[in-house]
Amino acid sequence: MLFPSWAFLLFLAVLVPVYYLVPKRIQWIVLLLANGVFVCFAGLLGAVFMAVTIVTVYAASRGIDTLFISQRDTLAAMKATHTKEERKKERLRFEKKRRGILVACLVVNFGILFALKYGAMLGRLSAGLFGTKAFGQDLALTMGISFYTFSTVGYLLDVYRETIPAEKNPLKLALFTSFFPLLVQGPITRFETAGKALTEPHTFSGERFLSASLRIAWGYWKKLIVADRLLVAVRALCAKPDVYRGDFILVEMLLYAACLYADFTGGIDITIGVGEMLGVPIEENFNRPYFSKSISEYWRRWHITLGEWFKRYVYYPLSVSKPMRALSKGTRRFGVGVSRRVPVYLATLLVWALTGAWHGSNLTFLVWGLLNGAVILLSEELKPLYARFHARFPRLTESAFYRGFTVIRTVLLLSSLRILDCYGTVKDAFSSFFSMFTTWNWGAVFRGGVQSLGLSYFDYAVAFSGVLAMFALSMVQRSGAIRPRILKRGTVFSVCVLLVLIGTILIFGRYGFGFDASQFIYNRF
Amino acid sequence: MKRTAILILALMLLAALGCGANGTDDPNAVFIDPNAVHGGEYGELYFESNGVRFGIYDEAEAVLSALPAYRSTFTGKSCAFESEDVSYFYAGFTIMTNEIDGTDRITGIKIDDDTVKTPQGLYIGMSAEDAAAAFPAAKEADWSYADGTALLSVTIADDVVKGIVYTPVIPED
Amino acid sequence: MKRKLLIIGGVLLACIVCFGALWAVSRLCAPKYHDTLIDGHLTGEYYRETTDHDVLFIGDCEVFEHFSPVTLYNEYGITSYIRGGAQQLVWQSYYLLEDALLTETPKVVVYNVLALKYGEPQSEAYNRLNLDGMRWGSAKIGAIRASMTEGEDFMSYVFPLLRYHDRIASLTAEDFTYWFSDGDPVSFKGYVMHTGVDPATETPTETYEKKLPESSILWLERMAALCEAHGVSLVLIKSPSIYPLWHPEWDAEIAAFAKSHGLRYDNMIAENDAIGIDMQTDTYDQGQHLNVFGAEKLSRYFGAVLRDEFGLADHRGEAAYDADYAALTARYEIGKHE
Amino acid sequence: MEQLLDILRELHPETDFETETRLVDGGVLASFDIVMLITRIEEEFDVVIPAKDIVPANFNSAEALYALITRIGEQDD
């Protein structure tokens, strides 16, 4: 059940009042039932896989927790009677047992994820997938499996690391895993924040409801007016790599950058808005990413929760793991510089390969991930060169022009990498990208090219003004969030803003049956 | 499009982008819409009469003027809308045309009686086995054989070919 | 407390203004069907009627372009109305009849059987043309649910803005002139007049299914039962167009159906000697539809049949009808001589 | 403590590590630097920093980092 559907709006319209009318004690149970309905509605098979994940993670986390307790008791008992060596041996024995449980659980969950994702790939030879949007639809059967698997496994790893105690009540864990807004486009939440808040009682507050509605409306606004409209042109451009080459690729890059931003941030705004409406805080997933000045900064502001997850549970553990440390010592022969870089290089590339694979099962995503990793490493290596450049031209590098230039450079760099999302094969992606430097057809783009993409001038005008509105909002957000300021000017003003948003969505949104007179070809065969 | 000079090493990718292109295409060529409809892509599913070869989506005017005069015409009106498809009656077959993006194009060729044969040798009234022998590929496709933009539909009733018609393949995007 | 009231008042006012604006935009964007695609205007015009009707014609363009209520009244005093629509499918005809029976009970209902060859929903465009103008009620809901093609959404019928919002980029003068008014009727009690002449030549042949779709016959059964329940005589006709073709097997099937249900069935193509339609002068599109001269001939013929068979009263002389049909005839004559 | 400050200055000469208390949150230490830092600390202090301790709280300031190193040091007694 995707966001722009009557079913989802009806689901919300029923859930929110009921959620606030039932006694506080059973609010979270109502939410759990709602999640159940949502998941089953999306597909029974998906519900089965989710149940497996919840059961295995719950069992593993309780197992690990009890092992911690018994370890503490036995060690305390042995303190008086055994030597330090024996106590250390005992501690290692417990650790081995806990690791066994953890690994078993990880294998089960990531096994399901891998089978569903790569099973789909082996079965499908069709053209390229789009970033997260097509990815979400592609696995509609198993609604949001990549999101809830990651957040639930993250919880298990936190328990394994003793940063949080295991949740005693399995239903509360089920509530965390199956929280319905997260199943469409994420983000990947942490148990400490969302998990706790889900079970706490919440009282209805008019202002929070209004603020949440504004955010949801803004999410729909970006999705239906900008994203779904530009997607038509992007799809047309990507469908025929042999026809749309040269400067079309630059147009494709820019359209796709705006389209994906509007779609992804729109979806997340709806998710966080729904969470806010139910009193559940959800981590921000974006922080005005297109204003980043470097690629590593960009990946700290785009899809933040995924980046955090990989850093916390893959990147750091990997880079300090025994094999990595042994490797680092082993390469000391080639000099300190090399031995210090080895763990970082390997960890970064592996994490980025996994990030690529997470996005989609097509080879293009893997290459996209590795390229991202390579560019990050490259820009790190060039840091000294940057420093020297800054030193020689301090005045230039402090100027606003240079800062603006770095922002544009980062956006173009990321958009270039994102071309890999568009095409089914890596060959197509690369040949299209490099055609930008060999073919000069800027004239053709504006003489018939742009019109052949399925959008009228009106559509381009609406999409462009939509992008301008998003850009303007980002500029305003530089000095703090905008919603408190709207709310500060009174309820009536906020309601007016909300109604204007809803009105413009209804009129300019790209949805429903287009009134297309040409479809009336009277066909008698 | 002149681009400013860029720090080569750090901006390896962007530098490649900035070096501009040596124009291989004619810069003011009008772009041909790849989704537009045009004739000549019907593969082996064409029809031939009086030495004139034509098929689905060919321009109607050219074909009609090349062929000898038609017997008469019929303009099919849809109930409410102005879109018209015109039928041109010839000896043994009928050509149907429709206006697509401003030009009249052939959207149907129907064989009316046994006085004419398709290039593959199919005619009205032949037995089903002879038809299968004459055009095996069409038989495998359950007598609804597509090639390029054209679709050949053969109607068979009690083992005799009753109807042969070429129509456009409806793309299911 | 006063502040709270102010807020609630302000919010309510904002909502009213917003919904008002959306209603206005919705009316602006909805196609008007007045100067172009006029067939879409027919369903709604029925509700302007002030007098009732002894005969109701229902069906597709072979009905609303073949019978002239003006001729029927001026020749025989028969009061009639045509509830027709472009490619009006059998279930749409059923529900339009059900809708009409809410407010009046005619003596005779005449249904053209050509549309029986379509067993399932055909085109979203035709659905909107025929159903948007319909009065809201169980009949309209039934008609929409039975007609919706794949991808159509019931809510877009309830709120037309959801369907036509794209049209904001392609509005014409017509949209603004008829923004808030429906404009004068485009038909003469449902009859759409054509004055052109385009003689018939030859019509294409086609391969066809021997038997009419099962679902269509079921709907015809329901229509017969509905008429019986209201004590209305149902007459089945095949209007005398020579194209689209009405195949002999279909004709036999309907004749059998009529016999088994005790209904009258006129295949007007076969009865043409009595009717006297000449497809060289009485058609405006090579025999597919009759022009005004053909329609008058057919009305003169069928009026006598209906009067004799069903004993219809001659309402000429009754003030209410005379006034109504006099105005209609005046407009009719202007249209005929344009 | 001085030894730790030398390592930090080697990575980022332009930052004043005595007073800075938002090394990670402020974006000074990227994930890249943290890994390099850990390998250097393990060389200098011969101490193994487990993955679970790599959290912003421990790396936000030099003092916090030093406290972490000493804590891990005692744990193995």
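By convention in this document, chain letters (A, B, ...) are assigned in the order of the sequence lines, proteins followed by strands, and residues within each chain are numbered from 1. What's counted below: heavy atoms across the whole structure, side chains too, no hydrogens, waters or symmetry copies.
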Chemist: Are A:W6 and C:D153 packed together at the side-chain level, in the sense that at least one heavy-atom pair is separated by less than 4.5 angstrom?
Modeler: yes
Chemist: Please identify each residue that fulfils side-chain contact (heavy atoms from CB on, under 4.5 Å) with A:S211, with sequence neighbours left out.
Modeler: A:E276, A:R483, A:L487
Chemist: Mark yes when over 12 heavy atoms from residues, nucleotides or ligands other than C:K211 sit less than 6.0 Å from its NZ; otherwise mark no.
Modeler: yes
Chemist: At their closest point, which heavy atom of A:Y511 faces which heavy atom of C:H165, and how far apart are they?
Modeler: O-CE1, 3.2 Å
Chemist: Does A:E207 CD have over 12 foreign heavy atoms under 6.0 Å away?
Modeler: no
Chemist: Side chain, backbone, both or neither: which part of C:V25 has a non-hydrogen atom closer than 4.5 Å to chain A?
Modeler: side chain
Chemist: Can you measure from SG (C:C29) to CG (A:L506) and round to the nearest 0.5 angstrom?
Modeler: 11.5 Å
Chemist: CZ of C:F19: more than 12 outside heavy atoms within 6.0 angstrom?
Modeler: no
Chemist: Which residues satisfy the salt bridge (charged side-chain N to carboxylate O under 4.0 Å, His left out) test with C:D182, sequence neighbours excluded?
Modeler: C:R27
Chemist: Can you tell which part of C:I7 gets under 4.5 Å to a heavy atom of chain A, answering side chain, backbone, both or neither?
Modeler: both
Chemist: What pairs meet the salt bridge (charged side-chain N to carboxylate O under 4.0 Å, His left out) rule with one or both residues in residues 237-247 of chain C, with sequence neighbours excluded?
Modeler: C:E62-C:K238
Chemist: With a sphere of 6.0 Å drawn around CD of C:E209, does it hold more than 12 non-hydrogen atoms of other residues, nucleotides or ligands?
Modeler: no
Chemist: Tell me if the OH atom of A:Y457 is crowded by more than 12 foreign heavy atoms within 6.0 Å.
Modeler: no
Chemist: Is the shortest side-chain heavy-atom distance between A:F508 and C:D166 below 4.5 Å?
Modeler: no
Chemist: Are there more than 12 heavy atoms of other residues, nucleotides or ligands under 6.0 Å from atom CZ of A:R489?
Modeler: no
Chemist: Does anything in residues 490-497 of chain A get under 4.5 Å of chain C by heavy atoms, and if so which residues?
Modeler: A:T491, A:V492, A:V495, A:C496
Chemist: Using non-hydrogen atoms and a 4.5 Å limit, figure out which bit of C:C15 sits close to chain A: side chain, backbone, both or neither.
Modeler: both
Chemist: Can you confirm whether A:Y19 is buried at OH, in the sense that more than 12 heavy atoms of other residues, nucleotides or ligands lie under 6.0 Å from that atom?
Modeler: yes
Chemist: Just how far is it from atom CG of A:L499 to atom CD1 of C:I16, taken to the nearest 0.5 Å?
Modeler: 11.0 Å
Chemist: Given a strict heavy-atom distance threshold of 4.5 Å, which part of C:L161 is in contact with chain A: side chain, backbone, both, or neither?
Modeler: both
